Every structure is written in C-alpha cells, then in structure tokens.
Amino acid sequence: MGFFSSVSNFFFDCGILPWDVLLTLLNLVRRKRRIGHVTPEGHPGYGGHWPEFRPPQEGDSRCSCPALNAMANHGILPRSGRDISFVELNHHIRATYNFGPSFCSFVPHYAARMLKRNYNMDTFNLADLDLHNGIEHDASLFRLDTALEPDQSAKHIPFIEELLESATGKDEKGNDILTTKDLSRILGKRRAVARATNSEFSLSFFHKVFGSSNSSTLLTIFGGRVDDLRSIVLHERIPEGWESRIRQPYGLTMTNFNKTVLTVELGVREKDWEEVAQDAARSRVTPV
Ligand SMILES: *[C@@H]1O[C@H](CO)[C@@H](O)[C@H](O)[C@H]1NC(C)=O
Ligand SMILES: *[C@@H]1O[C@H](CO)[C@@H](O)[C@H](O)[C@H]1NC(C)=O
C-alpha cells in the first residue's frame with residue numbers, strides 16, 4: 001500500500017487546487033441557484049423538507065462536529081453513525097450544505113488518510129473522527145478539551161450559549177448575525193482560557209486554521225444566522241425549511257472559503273484575554 005498510496009495522495013493533492021480554482025471561476029460566470037432550490041432535487045432536504053429528526057439512541061456513534069451529527073440525526077447519514085463510507089460522506093456533505101465538490105472530496109480523503117483507511121473501500125464511525133490532534137483539537141467553540149471531556153460528542157452548553165449570545169450583527173429583518181469579528185473574538189478567548197486551564201493544552205498552527213475553518217463554516221454555509229445556528233449547534237438538528245446560504249452552482253470552493261478562514265484567523269487576539277484566562281485558572285484551583 002505504502003508506495004502506491006503516497007503516489008495517489010501526491011496526484012490528489014496536486015490536482016485538487018487547479019480544480020478548485022476552475023470551480024471558483026465557473027461560479028463567477030454561472031447563475032446562482034434560485035432561493036428554495038439550493039438543495040438538489042432528489043436529495044433529502046429538497047424544498048426545505050428534511051427527513052425526520054430523531055436524537056441519537058444509546059450506542060449510536062456521534063462526533064465533535066455538529067453538522068455531521070445533524071446529518072445522522074436526520075438519517076441522511078446512517079442514524080447509527082456507523083459504517084459510513086468516505087465516498088458517501090463526500091456526496092452527502094455536498095448536497096446537504098453546498099460545499100464545493102473539491103472541498104467535499106478533500107475532507108473525506110483527509111479523514112481516510114488520518115485513520116489509515118482506504119477512501120474507496122473502507123468505512124468509519126463518526127466517533128473515529130475525534131482522534132485527538134487529527135482533526136479534533138483543543139480550544140473548541142462547542143466542546144471542552146479532550147483532557148477534560150474525553151467524549152467529544154458531548155456538547156458544552158455554556159460555550160455554545162456564549163457563542164450564540166456574542167453576535168453583534170443584524171440582517172435586514174433584524175435577526176442576530178454572527179460576524180467575522182465575533183468569531184475572531186471568541187476564538188481568542190477560547191484559546192487563551194484553554195491554554196491557562198488545561199495542563200495538556202496543545203494547538204498547532206494547522207489546528208488553529210482548522211478552528212478558523214469551523215468558524216468560517218458558521219459564517220458562510222449558515223450565513224452567521226443565530227436562529228439557524230441555535231438549532232444546528234445546540235440541537236444538531238437542521239431547521240425545517242433550511243437550505244445552504246451558499247447559492248453558487250459549484251458550491252463553496254476552498255479558494256473562497258480560505259478567504260474567510262484567513263480573515264477570521266488574522267483577527268484572533270489571544271493577548272486581549274490574558275486577564276480573563278488568569279482569572280479562570282485561579283478559580284479552577286480554588287475550591288468553591
Ligand atoms: C472544529 O471542528 C472539529 C471537528 O468537529 C472540532 O474537533 C474542533 O474542536 C473544532 N474547533 C473549534 C475551534 O471549534
Ligand atoms: C486552503 O487552505 C487549505 C488548508 O490550509 C490548504 O490545504 C489549501 O491548499 C488551500 N486552498 C486554496 C485553494 O487556497
């Protein structure tokens with residue numbers, strides 16, 4: 001396997017960028033999908049009709065990613081969260097959220113490689129994705145660090161509430177909207193506090209970018225809309241009538257996505273939160 005998989009990884013990595021740039025250009029010249037027709041016909045969610053939501057049962061596999069858990073809770077992925085093929089994941093992420101095909105190919109390929117499995121033939125359980133410092137990392141917006149909460153499918157409600165309450169934007173109808181600045185601010189706080197309170201804390205540059213990517217998903221695919229995000233992030237449920245806020249025919253490409261990722265990441269100021277972090281560290285060692 002070794003040699004051939006390195007060769008095919010090489011071609012895959014080289015091929016994906018030109019493909020992504022091409023899709024980005026095609027998006028510029030082709031008409032956007034009509035509102036109400038973003039989810040493709042024939043796929044669950046077409047016309048805003050999502051399959052029944054059922055919370056996970058004992059023994060079902062879930063992970064740290066609310067968007068993937070939501071797909072399993074609606075039966076778009078197997079409700080058990082088990083034996084999912086990487087190929088199937090690619091297809092369903094694209095149709096459900098309108099990420100671009102290059103992005104949808106990159107993520108499951110990356111996950112397969114991380115788990116040392118074969119993209120075309122093997123399957124995974126959602127919980128497998130939470131290998132620490134693979135994709136999953138510390139200073140999450142929605143979860144306590146692995147050292148404090150080994151089950152990364154467990155939501156940390158105070159973090160989620162704080163995130164949703166931190167929105168400073170409004171849309172034309174007066175709905176609360178999370179902005180790029182809001183996300184940079186809260187990421188800075190999470191990193192500073194986690195660094196001060198978790199003795200096993202680690203966060204590489206690569207994982208910082210991953211964290212900013214999650215934030216950018218909230219801003220792009222979900223348009224920063226707090227009412228929709230409350231359902232997705234808190235209940236891991238797709239709101240009835242929802243469709244992706246990305247209407248481009250070739251979906252959200254990595255080129256466009258990376259622009260938002262960079263803006264979020266460059267706006268993070270961990271230093272601003274030093275005092276808050278010290279206070280948090282002190283209150284952890286002082287028994288109450
Ligand atoms: C980003 O998503 C991954 C996968 O769900 C998660 O483990 C990680 O903690 C998230 N990062 C942030 C900053 O929310
Ligand atoms: C976007 O960022 C990812 C992760 O940092 C990188 O692997 C990819 O090459 C970038 N893609 C483009 C099109 O800039």
Side-chain angles (χ1 to χ4, degrees), residues 56 61-73 77 81 84 86 89 93 96-97 99 103-104 106-108 110-115 124-164 166-167 178 180-195 197-198 200-222 224 229 232-234 236 257-258 260-270 273 277:
S61 183
R62 291 294 184 270
C63 65
S64 59
C65 175
L68 293 182
N69 292 342
M71 285 166 73
N73 291 341
L77 293 175
I84 302 167
F86 295 98
L89 180 68
I93 294 181
T96 305
Y97 296 117
F99 276 107
F103 189 100
C104 292
F106 177 76
V107 173
Y110 184 86
R113 225 187 288 176
M114 168 181 96
L115 297 173
F124 65 97
N125 299 341
L126 286 176
D128 297 342
L129 298 176
D130 288 341
L131 186 72
H132 188 52
N133 282 339
I135 292 173
E136 190 283 313
H137 54 260
D138 287 338
S140 166
L141 295 167
F142 322 121
R143 306 289 190 254
L144 284 171
D145 289 354
T146 298
L148 308 173
E149 173 54 88
D151 174 8
Q152 282 293 302
S153 72
K155 296 165 215 159
H156 190 59
I157 312 276
F159 282 1
I160 296 176
E161 291 291 359
E162 191 184 358
L163 168 74
L164 298 174
S166 71
L178 278 165
T180 314
K181 283 197 176 127
D182 297 337
L183 262 315
S184 299
R185 191 168 353 96
I186 198 128
L187 277 178
K189 179 173 182 187
R190 286 285 166 270
R191 290 178 194 172
V193 171
R195 199 182 291 283
T197 54
N198 172 10
E200 289 168 48
F201 180 82
S202 66
L203 192 65
S204 64
F205 173 71
F206 175 76
H207 287 116
K208 285 184 178 171
V209 172
F210 245 115
S212 301
S213 303
N214 300 5
S215 313
S216 306
T217 304
L218 307 185
L219 295 169
T220 52
I221 301 288
F222 296 99
L229 286 170
I232 288 280
V233 176
L234 198 56
E236 303 190 332
F257 188 63
N258 280 9
T260 312
V261 174
L262 262 186
T263 322
V264 170
E265 185 55 41
L266 294 176
V268 175
R269 302 264 176 280
E270 232 186 272
W273 296 97

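This is a predicted model, so every value here is computed, not measured. First listed ligand is number 1; within each ligand, the first listed atom is number 1.
- Residues Leu68 and Leu129 are in side-chain contact: their nearest non-hydrogen atoms beyond the backbone lie under 4.5 Å apart.
- Of the candidates Leu131, Leu163, Asn214, the one placing a heavy atom closest to atom 11 (N) of ligand 1 is Asn214.
- Under the 3.5 Å distance criterion, with hydrogens and angles disregarded, no donor-acceptor pair is assigned to the side chains of Gln152 and Asp130.
- Under a 4.0 Å criterion applied to the non-hydrogen atoms of Ala139, ligand 1 contributes the atoms 13 (C).
- Remark: Arg143 does not engage Glu136 in a salt bridge, criterion side-chain N to carboxylate O under 4.0 Å.
- For ligand 1 and Gly211, the ligand atoms under 4.0 Å from any heavy atom of the residue are 11 (N), 13 (C).
- Taking distance alone, with nitrogen or oxygen atoms compared against 3.5 Å, Leu141 approaches ligand 1 more closely than that limit.
- At least one N or O atom of Ser64, backbone or side chain, sits closer than 3.5 Å to an N or O atom of ligand 1.
- If you check which protein heavy atom lies closest to atom 9 (O) of ligand 1, you get Ser140 CB, 3.0 Å.
- Judged as a salt bridge (Lys or Arg N to Asp or Glu O under 4.0 Å), and not counting sequence neighbours, Lys155 has no contacts.
- Near Leu187, meaning under 4.0 Å from any of its heavy atoms, are these atoms of ligand 1: 13 (C).
- Classified by interplanar angle (parallel below 30°, tilted 30° to 60°, perpendicular above 60°), the ring pair Phe103/Phe257 is perpendicular.
- Ion pairing between a basic and an acidic side chain is recognised when a charged N comes within 4.0 Å of a carboxylate O; Arg195 and Glu270 show such pairing.
- Using modelled atom types, no side-chain atom of Asn69 and backbone atom of Ser64 make a donor-acceptor pair closer than 3.5 Å.
- Residue-level proximity to ligand 1 for Arg190 is absent, since no heavy atom of it falls below 4.0 angstrom.
- Not a single heavy atom of Arg143 sits under 4.0 Å from any atom of ligand 1.
- Residue contact check: Cys65 has heavy atoms under 4.0 Å from atoms 5 (O) of ligand 1.
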